[in-house]
Amino acid sequence: MTDPVLSVKNLVVEIPTRRAVLRPVDDVSYDIAPGEILGVVGESGAGKSMTGNAVIGLLDRPAHIAGGEIWLKGKRIDNLRADQMRKVRGKEIGMIFQDPLTSLNPLLRIGDQLEETILEHLPVSRAEARKRALQALEEVGIPAAAERLGSYPHEFSGGMRQRVVIALALCAEPSLVIADEPTTALDVSVQAQIIALLKRLCRERGTSVILVTHDMGVIAEAADRVAVMYAGRLAELGPVEQVLNAPRHPYTDGLVGSMPMASAGKERLRQIPGSMPRLGSLPDGCAFHPRCPKADAECRQNPGPTLDATGGRAACWFPVSQEVSA
Amino acid sequence: MTDELVDIKGRAQAPRRSRLGEFFSSDFFYMFRRSPVAIISFAVVALLVLAALLAPLIAPYDPFNPASLNLMNGFTPPSTPNAFTGDTFLLGTDDQGRDVFSTILYGMRISLFVGFAAVLFAMVLGVLLGLIAGYVGGWIETLIMRIADIQLTFPSILVAMLIFGVAKGFTPVEYRDQMAIWVLIVAIGLSDWVQFARVVRGATLVEKNKEYVQAAKMIGRTGPAIMLKHILPNVLSPVLVIATISLALAIIAEATLSFLGVGAPPTQPSLGTLIRIGQGFLFSGEWWILLFPAATLLALALSVNLLGDWLRDALNPRLR
Amino acid sequence: MSTLVSIRNLTRVFDVSKPWLNRVLENEPKRLLTAVSDVSFEVEENTVYALVGESGSGKSTIGKMLVGLLRPSEGEVEIRGVNLAAESDAKTVDQIRSDIQMIFQDPYASLNPRWRVGDIITEPVVARGGDATGLAAKLLEQVGLAAEDAQKFPHEFSGGQRQRIGVARALASNPKLIVCDEPTSALDVSVQAQVLNLMSDLKDDLGLTYLFISHDLTVVRHMADVIGVLYLGRLVEEADPDALFTTPKHPYTQMLLAAAPRMDQIGREVEPPKGEIPDPINPPTGCAFHPRCPLATDVCKQKRPELRYVGTTRVACHHAEG
């Protein structure tokens with residue numbers, strides 16, 4: 001096994017408020033191998049975006065990293081100064097957000113934005129940068145790319161805009177891309193185009209991707225491994241076919257089971273009772289226990305095990321599939 | 001991100017308390033407690049308003065009762081015994097021997113009454129017109145907002161003077177002094193509704209596209225019911241901020257008009273009237289007749305204004 | 001079964017021109033957007049009719065015309081044989097109006113934040129001058145909340161609970177038909193199943209009819225008895241779920257089904273669909289789908305296909321075959 005591109009170790013993010021210190025990310029660890037797509041799923045407020053933002057050093061104050069380490073290609077990046085971090089972003093880590101307009105400057109032509117980004121991070125001449133900008137637009141499938149270099153962001157459709165953002169994220173040849181809900185705002189047919197594009201480009205370049213999304217379908221289609229988050233913690237982590245086909249954590253199991261499936265027909269859907277607790281009022285013990293069918297006294301009192309404690313897949317004392325096989 | 005921010009407040013699971021308890025544990029009160037500017041300005045406003053309300057009880061003299069006046073007490077300096085009568089006045093007396101401290105207390109009553117009433121008038125007018133403009137749209141909106149634009153191109157003090165002048169022309173001489181206060185209120189109120197209308201229209205445009213308004217429409221609620229019951233409660237917090245800042249402006253506008261001699265009559269002097277009277281004596285050495293009313297006006301207007309600024313920050317989550 | 005709703009040749013045009021003065025100064029023509037174009041379908045009583053489509057397909061516009069939030073530009077909406085736009089008897093109109101309710105997409109925007117939950121859910125009855133004593137408690141329990149929740153404000157509830165409140169409000173006037181506009185698309189996956197189950201139960205218990213508007217094919221397949229597929233304001237295919245998902249007839253439906261991400265096909269490599277949805281202000285001539293269609297021929301560019309039966313499916317395509 002090669003060295004991981006990114007290694008997140010026991011990451012804790014805290015938000016101090018006047019009532020309590022909230023932990024939107026609590027003891028999260030994962031590695032990403034070169035060229036791998038790691039899907040991060042969870043409901044809103046599960047901490048999946050917060051984890052990504054912590055990695056790229058874009059936490060909004062007063063949220064801050066309160067513990068753990070982040071290593072990028074053997075270099076520790078969680079303790080870098082803001083200006084050093086800025087160099088890492090863009091050069092080493094590309095970013096794709098849900099709303100393409102947040103990543104594009106509305107006042108600059110697309111070509112200039114690409115060119116500037118390339119010049120800032122790569123040692124090339126202006127002419128060479130221009131050439132690469134054109135190449136980048138062609139690669140993401142923008143028709144008539146040479147003419148579109150002179151267009152402004154608002155002149156593109158939503159899908160085309162997201163393509164431009166992908167070109168921008170990849171033009172400095174980063175080794176890692178963080179894509180935060182990249183297709184949530186797009187229509188089904190455009191979403192399929194963007195996912196296919198992201199998969200193809202990253203495979204060709206060997207770029208690793210953290211794909212943050214709430215859509216299990218997108219995960220199934222794109223990710224190699226998947227991390228399921230619940231209330232700030234990793235509930236389950238494993239290869240995508242194992243997690244989706246034979247989930248171990250009761251939460252993943254409930255989540256997968258509650259999806260209306262093509263094969264299931266019209267029967268009642270399985271449902272998880274209740275909803276995810278808010279950060280300010282997490283229950284004692286395992287955060288999932290009030291909704292868990294298997295919870296016992298132990299789960300109600302002691303925090304659930306971390307992934308390490310259970311030796312890998314699911315952070316739960318009573319993993320689902322093991323029971324069946326035993 | 002937004003969901004995490006909602007979570008931070010953690011309101012859902014907070015134990016239920018009484019209304020008052022809820023207020024004291026609210027983020028709003030917490031922010032108030034943490035802001036020295038807010039506390040001090042609130043204290044000053046509260047003190048001055050209370051003093052004005054209780055003027056008949058606090059004031060050592062009734063400055064409008066000719067029987068209690070002694071012309072011999074004229075021009076007594078602050079806290080110094082009068083050369084002829086030996087009477088001492090905390091803040092001195094004016095040319096007619098009226099106690100400056102008492103005239104300030106009574107003057108503040110007039111100033112605050114005119115200020116509050118004018119803002120209330122401007123608020124009701126502006127909020128209603130803003131709601132109608134925002135909700136109904138079309139040519140009604142264009143008409144209301146163009147009138148507002150045109151009015152904004154004139155300084156509001158000129159508008160007030162114009163209204164005041166016209167109203168005075170229509171009032172019989174014997175009622176002029178009585179009517180002056182009310183004319184003043186209408187004049188200042190009419191020159192001040194535009195801000196309310198603009199802000200409420202903007203907020204209404206946002207609210208009317210929300211699904212809860214559509215739900216009310218679908219149920220068959222009429223326009224006025226939707227505007228007053230559904231939209232109005234949701235556009236009130238910016239109105240509160242503007243009302244506070246407008247109060248400071250209205251108090252100053254009243255003082256300005258009275259200073260120029262078109263406001264409160266000398267029989268019912270406001271702080272502005274007192275300043276006008278006082279400035280005549282400034283260069284003859286009787287500085288206290290001007291200085292104390294002026295300082296009171298400054299303290300009042302400044303602290304109301306600071307309170308309004310703080311309120312704006314506190315009620316606008318984006319600035320936090 | 002009887003027909004509850006019949007929609008005939010429904011068309012809605014929006015004027016999206018710039019203000020008059022700008023238009024005159026910049027010498028621009030009026031810009032008209034046809035959001036819904038000549039759509040006809042019928043909804044049987046006690047069934048779920050689903051409208052699916054991507055953005056700009058006009059699915060929400062149809063829903064709004066059905067509940068009376070928008071007026072049709074052409075065509076008519078008939079409910080139990082009564083055309084609301086033409087009916088003159090106010091009492092009949094009012095009765096029919098109270099038979100139709102709506103569940104909205106965004107549970108955060110659809111409840112007035114300054115109102116107590118009890119007032120929100122009884123408003124449909126109170127607004128008509130009805131008696132609402134005990135109604136709030138009954139409705140809240142019906143949707144799985146507690147009677148005491150009537151005293152609380154919307155911000156005290158989670159997204160899923162708020163959507164239950166929205167459902168309770170829709171039930172208040174004892175409706176026959178509920179238009180559900182993307183009722184679960186703003187909800188988290190684990191909560192979506194709760195709301196869908198609740199809606200199914202209520203439909204069976206109360207004999208409701210749903211017009212279910214969604215972009216999510218898996219949800220639609222689970223809920224619907226009949227599915228209508230919309231593209232650029234036109235109804236291109238109508239079939240029952242099994243027929244639609246196993247043998248889609250219209251090339252757009254085929255493309256949509258192929259593009260939708262699916263949980264049961266891990267690591268699937270798809271040939272992504274070509275092109276994007278065209279500008280609805282200048283839709284393509286003939287069949288609106290022809291620029292993206294693999295089957296398109298000259299006739300598709302010139303003549304708009306009529307809906308016709310191929311087997312049990314209604315489809316608007318010149319080249320669709322059984």
Side-chain angles (χ1 to χ4, degrees), chain A residues 41-46 141 157-160 183 185-197 199 214-224 230 239-241 244-245 251 254-278 291, chain C residues 48 52-57 144 157-161 184 186-198 200-201 215-225 241-242 245-246 252 255-277 279 292:
Chain A
V41 274
E43 302 172 49
S44 49
S157 70
M160 285 297 156
T183 60
L186 304 175
D187 278 314
V188 179
S189 61
V190 182
Q191 165 171 300
Q193 294 170 352
I194 297 293
I195 293 291
L197 175 70
K199 267 168 83 176
H214 69 280
D215 189 331
M216 297 290 251
V218 170
I219 292 284
E221 215 146 87
D224 301 312
Y230 187 80
V240 66
E241 61 274 9
L244 294 189
N245 291 337
Y251 172 64
L255 209 57
V256 173
S258 68
M259 298 285 288
M261 296 289 272
S263 44
K266 290 229 172 260
E267 297 141 41
R268 266 179 84 81
L269 298 166
R270 266 172 65 196
Q271 61 183 53
I272 311 178
S275 54
M276 196 170 69
R278 301 191 188 203
R291 306 174 72 188
Chain C
V48 179
V52 277
E54 302 179 85
S55 57
S57 65
F157 295 88
S158 70
Q161 290 171 321
T184 60
L187 301 180
D188 282 314
V189 190
S190 81
V191 180
Q192 170 175 291
Q194 296 173 8
V195 174
L196 291 179
N197 282 341
L198 173 70
S200 297
D201 293 347
H215 70 279
D216 188 330
L217 290 164
T218 53
V219 169
V220 161
R221 179 171 199 179
H222 176 77
M223 293 295 289
D225 298 306
D242 286 338
F245 279 81
T246 50
Y252 173 66
M255 189 202 85
L256 204 60
L257 291 180
R262 294 175 57 170
M263 262 183 68
D264 48 0
Q265 299 195 345
I266 288 161
R268 178 176 71 134
E269 297 291 332
V270 281
E271 182 59 32
K274 295 198 168 44
E276 292 189 14
I277 301 164
D279 180 7
R292 305 171 72 186

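FYI, side chains are in, hydrogens and waters are out, and symmetry mates aren't considered; it's all heavy atoms of this structure. In what follows, chains are A, B, ... by sequence order, proteins preceding strands, each numbered from 1.
Using a 4.5 Å heavy-atom cutoff, the side chains of C:Val189 and A:Ser258 are in contact. Side-chain contact between C:His215 and A:Asp187: absent, with no pair of heavy atoms (C-beta onward) separated by less than 4.5 Å.
Chain A forms more heavy-atom pairs under 4.5 Å with one residue of C:Val219, C:Leu187, C:Asn197 than with any other, namely C:Asn197. Each of C:Met223, C:Gln194, C:Met255 has some count of heavy-atom pairs under 4.5 Å with chain A, and the biggest count is that of C:Gln194. Top candidate by heavy-atom pairs under 4.5 Å with chain A, chosen from C:Asp201, C:Val191, C:Leu217, is C:Asp201. Each of C:Ala260, C:Ala259, C:Ala258 has some count of heavy-atom pairs under 4.5 Å with chain A, and the biggest count is that of C:Ala259. With respect to chain C, the highest number of heavy-atom pairs below 4.5 Å among A:Gly42, A:Ala192, A:Ala196 belongs to A:Ala192.
Between atom CD1 of residue A:Ile219 and atom CG of residue A:Leu244 there is a gap of 8.0 Å, rounded to the nearest 0.5 Å. Put simply, CD on A:Gln271 and CG on A:Leu255 are 13.5 Å apart, with the number rounded to the nearest 0.5 Å.
There is no contact between A:Val41 and chain C, counting heavy-atom distances below 4.5 Å. Both the backbone and the side chain of A:Ile272 come within contact range of chain C, judged by heavy atoms closer than 4.5 Å. For A:Gln193, the parts sitting under 4.5 Å from any heavy atom of chain C are the backbone and the side chain alike. Neither the backbone nor the side chain of A:Asp224 comes within contact range of chain C; no heavy atoms are under 4.5 Å apart. Both the backbone and the side chain of C:Ser158 come within contact range of chain A, with heavy atoms under 4.5 Å apart.
For A:Arg291, the salt bridge (Lys or Arg N to Asp or Glu O under 4.0 Å) partners two or more places apart in sequence, or in a different chain, are A:Glu43. Taking the salt bridge (Lys or Arg N to Asp or Glu O under 4.0 Å) definition, one finds that C:Asp279 meets it with nothing, sequence neighbours left out.
C:Glu54 places a side-chain N or O within 3.5 Å of a backbone atom of A:Ser189 that can act as its donor or acceptor partner.
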